[in-house]
Novice: 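Input: one structure, supplied below.
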Amino acid sequence: MTRTETKYRSVARAIPGQRTLEGGGVEITRAFPTSQIEEIDPFLLLDQMGPLQIAPGQATGFPEHPHRGFETVTYLLQGQMEHKDSFGNRGFLEAGDVQWMTAGSGLVHSEMPGRDLVRTGGRLEGFQVWVNLPARDKMTPPHYQELKAAAIPHAQTANGGVQVKVIAGEALGTRGAIESRTPILYLHLKLAPGATHVQDVPGSFNAFAYVFRGEARFEGVAKPQGEGQVVVFGHEGDQISVSNPADQPVELLLIAGEPIGEPVARYGPFVMNTRDELVKAFEDFRGGKMGTIDEG
Ligand code: MN
């Protein structure tokens, strides 16, 4: 009798993110889009904010800007972010919190450092992912899900070698709390030296990892992948194996999702299916149809 051998999804591409400035001058590493990766359907963008050491009075953020046609997922690791939008929503993110915003038909919002961080300075670090919406959902009304750090399901192996925060999807038998329109896996993994994690990922999902501390090794590439590396997986197999070959912990995001497979027309903060829809998005924004932020 032969046993079916597990085949891990191997690395198709490993590409460094690009350091740049975004918003009001925040230092970020843009995992994608870059000249080498346009998108990883259904994901349109991944930015790592910082990590930054901010001097008192020097904090900058992302002042008033619009979005239409997709969802933004903000995951803060360190610091504070204050969120305001043109529908009167207010949010406050602290270390470990997640905000899942469905921009849908459009809004104007600002994402700025919290008052304490501005006054006293401190560390700022976080991630933002853009998840595309299929044509039928692009004009859905804006919607929020906010999760405080304590409400994010987490799990670990018996010896603590693998720790995972399950923002969406499932890992180590634990289900995430976020309901996304497009089926998504979003994990924050931490592996002790020598530890290995094997993650189920549906074969139909596009999948990638982003390493942000230490070094990780993936199936099919001997060389460990260090901080700022975007690792895109191939489609053979339905598991991903990641291990820590170094003597320091490694931390990474492992993100996967069902591709939408529709044409993408994008310009700045708008992501639609056609050029005409982009023009309409600009007209609606300029005409005030996405509203303005009431600072009162
Ligand atoms: Mn934004």
Novice: Assign the ring pair H65 / H67 to parallel, tilted or perpendicular, where the plane angle (0 to 90°) is split at 30° and 60°.
Specialist: perpendicular

Novice: Does the pair E258 and T182 meet the rule for a side-chain hydrogen bond (donor to acceptor under 3.5 Å, both in side chains), with working shown?
Specialist: CA-CA 7 Å; E258 186 75 48; T182 307; over 6 Å; no

Novice: Check K7 with E236, please: is the shortest side-chain N to carboxylate O separation under 4.0 Å?
Specialist: no

Novice: If you round to the nearest 0.5 Å, how far is NE2 of H83 from CG of D85?
Specialist: 5.0 Å

Novice: Supply the atom-to-atom distance Q48 CD to T29 OG1, rounded to the nearest 0.5 angstrom.
Specialist: 5.0 Å

Novice: Give me the other members of the hydrophobic cluster that V231 sits in, counting Ile, Leu, Val, Met, Phe, Trp and Tyr linked by side-chain heavy atoms under 4.5 Å, directly or via other members.
Specialist: V11, V162, V164, V166, L172, L185, L187, L189, L191, V201, F205, V211, F218, V221, F233, I240, V242, V250, L252, L254

Novice: Does a donor on one side chain and an acceptor on the other come within less than 3.5 Å for T274 and D276?
Specialist: no

Novice: Determine whether Q99 and Y144 satisfy the following criterion, side-chain hydrogen bond (donor to acceptor under 3.5 Å, both in side chains), listing intermediate values before the conclusion.
Specialist: CA-CA 7 Å; Q99 183 208 57; Y144 290 89; 5.2 Å; no

Novice: Here's a test for you: under side-chain contact (heavy atoms from CB on, under 4.5 Å), which of V131, V129, V73 qualifies with I184?
Specialist: V131

Novice: Nearest 0.5 Å, please: how far is CD in Q36 from CD in Q18?
Specialist: 7.5 Å

Novice: Can you pull out every salt bridge (charged side-chain N to carboxylate O under 4.0 Å, His left out) where at least one residue sits in residues 24-47? Sequence neighbours excluded, please.
Specialist: E22-R30, R30-D47

Novice: Rounded to the nearest 0.5 Å, how far does OH of Y186 lie from CH2 of W100?
Specialist: 8.5 Å

Novice: Y210 and Q229: side-chain donor and acceptor closer than 3.5 Å?
Specialist: no

Novice: Measure the CD-OG1 distance between E71 and T102 for me, rounded to the nearest 0.5 Å.
Specialist: 3.5 Å

Novice: Evaluate the criterion side-chain contact (heavy atoms from CB on, under 4.5 Å) for residue pair V230 and L46; output intermediate values, then yes/no.
Specialist: CA-CA 10 Å; V230 188; L46 171 63; over 6 Å; no

Novice: Hydrophobic cluster membership, with links at side-chain heavy-atom distances under 4.5 Å among I/L/V/M/F/W/Y: are I260 and L133 in one?
Specialist: no

Novice: So, the side chain of H109 versus the backbone of S86: is there a donor-acceptor pair under 3.5 Å, distance only?
Specialist: no

Novice: Checking one residue: V264. Which other hydrophobic residues are in its cluster under the side-chain 4.5 Å linking rule?
Specialist: L44, L45, F70, W130, V271

Novice: Work out which heavy atom in L107 is nearest to a heavy atom in P142; give both atom names and the distance.
Specialist: CD2-CB, 3.8 Å

Novice: Tell me the closest heavy-atom pair linking E227 and G214, and the distance in Å.
Specialist: OE2-N, 3.0 Å

Novice: Run through the side-chain heavy atoms of Ile, Leu, Val, Met, Phe, Trp and Tyr, join any pair under 4.5 Å, and report what else lands in F92's cluster.
Specialist: none

Novice: So which atom in P193 and which in A246 form the shortest heavy-atom distance, rounded to 0.1 Å?
Specialist: CB-O, 3.2 Å

Novice: Where is the tightest heavy-atom contact between V108 and G291, given as atom of each residue plus distance?
Specialist: CG2-O, 3.3 Å

Novice: Looking at A149 and A95, what are the two nearest heavy atoms and their distance?
Specialist: CB-O, 3.6 Å

Novice: For F43 together with F32, are the ring centres under 6.0 Å from each other?
Specialist: no

Novice: Would you call T74 and E111 a side-chain contact if the rule is heavy atoms closer than 4.5 Å?
Specialist: yes

Novice: Hey, quick one: are M101 and L147 part of the same hydrophobic cluster, counting side-chain heavy atoms closer than 4.5 Å, chains of contacts allowed?
Specialist: no

Novice: Taking the side chain as everything from C-beta on, heavy atoms only, tell me whether R123 gets closer than 4.5 Å to P51.
Specialist: yes

Novice: Does K289 NZ have over 12 foreign heavy atoms under 6.0 Å away?
Specialist: no

Novice: Are side-chain N/O atoms of E219 and S10 paired as donor and acceptor at under 3.5 Å?
Specialist: no

Novice: Before giving the answer on side-chain hydrogen bond (donor to acceptor under 3.5 Å, both in side chains), spell out for H143 and Q145 the whole-Å C-alpha distance, their side-chain angles and the decisive distance to 0.1 Å.
Specialist: CA-CA 7 Å; H143 174 71; Q145 300 176 71; 4.5 Å; no

Novice: Hey, could you give me the NZ/CD1 distance between K165 and I152, rounded to the nearest 0.5 Å?
Specialist: 7.0 Å

Novice: Is a side-chain N or O of T174 found less than 3.5 angstrom from the main chain of P153, in a donor-acceptor match?
Specialist: no

Novice: Between H188 and F127, does the ring centre distance come in under 6.0 Å?
Specialist: no

Novice: Just grab all the side chain to side chain donor-acceptor pair (under 3.5 Å) pairs involving residues 193-203, residues at least two apart or on different chains.
Specialist: H197-Q199, D200-Q239

Novice: Show the numbers, then the answer: is there a salt bridge (Lys or Arg N to Asp or Glu O under 4.0 Å) between K138 and E262?
Specialist: CA-CA 12 Å; K138 281 193 179 293; E262 292 176 358; over 6 Å; no

Novice: Assess whether atom CZ of R115 is packed by more than 12 heavy atoms of other residues, nucleotides or ligands within 6.0 Å.
Specialist: no

Novice: How does the hydrophobic cluster around F62 look, that is, which other residues are in it when side-chain heavy atoms under 4.5 Å mark a link?
Specialist: V26, I28, M49, L52, I54, L76, M81, L93, L117, L124

Novice: Let's go through S110 and E64 carefully: what are the C-alpha distance in whole Å and the side-chain angles of both, what is the deciding distance for side-chain hydrogen bond (donor to acceptor under 3.5 Å, both in side chains) to 0.1 Å, and is it a yes or a no?
Specialist: CA-CA 4 Å; S110 64; E64 215 166 306; over 6 Å; no

Novice: Compare every heavy atom of P259 with every heavy atom of S204, then report the nearest pair and how far apart it is.
Specialist: O-CD, 3.1 Å

Novice: Can you get from Y267 to F270 by hopping between Ile, Leu, Val, Met, Phe, Trp and Tyr side chains that sit under 4.5 Å apart?
Specialist: yes

Novice: Could you walk me through whether D284 and R68 pass the salt bridge (Lys or Arg N to Asp or Glu O under 4.0 Å) check?
Specialist: CA-CA 10 Å; D284 287 352; R68 172 181 281 180; 2.9 Å; yes

Novice: Ignoring hydrogens and angles, tell me if any N or O in the side chain of R217 forms a donor-acceptor pair with the backbone of N244 under 3.5 Å.
Specialist: no

Novice: How about Q248 and E215: does a side-chain donor come under 3.5 Å of a side-chain acceptor?
Specialist: no

Novice: Does K223 NZ have over 12 foreign heavy atoms under 6.0 Å away?
Specialist: no

